[in-house]
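Contents: one structure, followed by commentary.
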Amino acid sequence: MMFRGPEALNDKQGNPMMRWLLVEAAQTAVRFDPELRRKYQRLKFRRGGSVAKVALARRLAVRLYWRLRQRKAETQPVRMPGSSGSAVVLPRAGSRH
């Protein structure tokens with residue numbers, strides 16, 4: 001990836017709802033994943049909290065893309081406290097999973 005300068009960090013391109021969802025997911029992931037928490041703390045110290053949140057949201061988006069791209073069946077969803085016991089996404093009829 002080519003670095004486009006500091007203005008690229010908050011250019012706000014793309015779907016605003018997706019951006020919001022990814023930032024929310026990043027904030028939750030930081031609470032539960034020690035590796036992401038460490039990266040967040042380092043970025044927050046160097047660049048500020050808002051930039052760190054967006055950077056981790058992007059990191060989660062890249063992880064999600066590659067998981068979907070590789071279609072890893074062994075990846076199980078993580079149950080958060082307070083989540084329902086039912087499946088979040090129901091498998092399609094005739095799917096291999």
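Along the sequence shown, residues carry numbers from 1.
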message: For the CZ atom of R19 and the CG atom of L21, what is their distance to the nearest 0.5 Å?
response: 12.5 Å
task: Rounded to the nearest 0.5 Å, what's the gap from CD on E24 to CD on Q27? Could you check?
output: 5.0 Å
Salt bridge D33-R59, side-chain N to carboxylate O under 4.0 Å: no
task: Indicate yes or no: at least one non-hydrogen side-chain atom of Y40 is less than 4.5 angstrom from one of K53.
output: yes
field: Note, F45 side chain near R42 side chain (heavy atom, < 4.5 Å)
entry: no
- prompt: At their closest point, which heavy atom of A52 faces which heavy atom of K44, and how far apart are they?
  reply: CB-N, 3.7 Å
- prompt: Taking C-beta and beyond as the side chain, do V54 and R58 meet within less than 4.5 Å on heavy atoms?
  reply: no
task: Can you see which heavy atom on L22 is nearest to which on L60, and at what distance?
output: O-CD1, 4.3 Å
Where A57 and A26 come nearest, the two heavy atoms and their spacing: N-CB, 3.7 Å
- request: Any chance you could measure T28, atom OG1, to L56, atom CG, to the nearest 0.5 Å?
  value: 12.0 Å
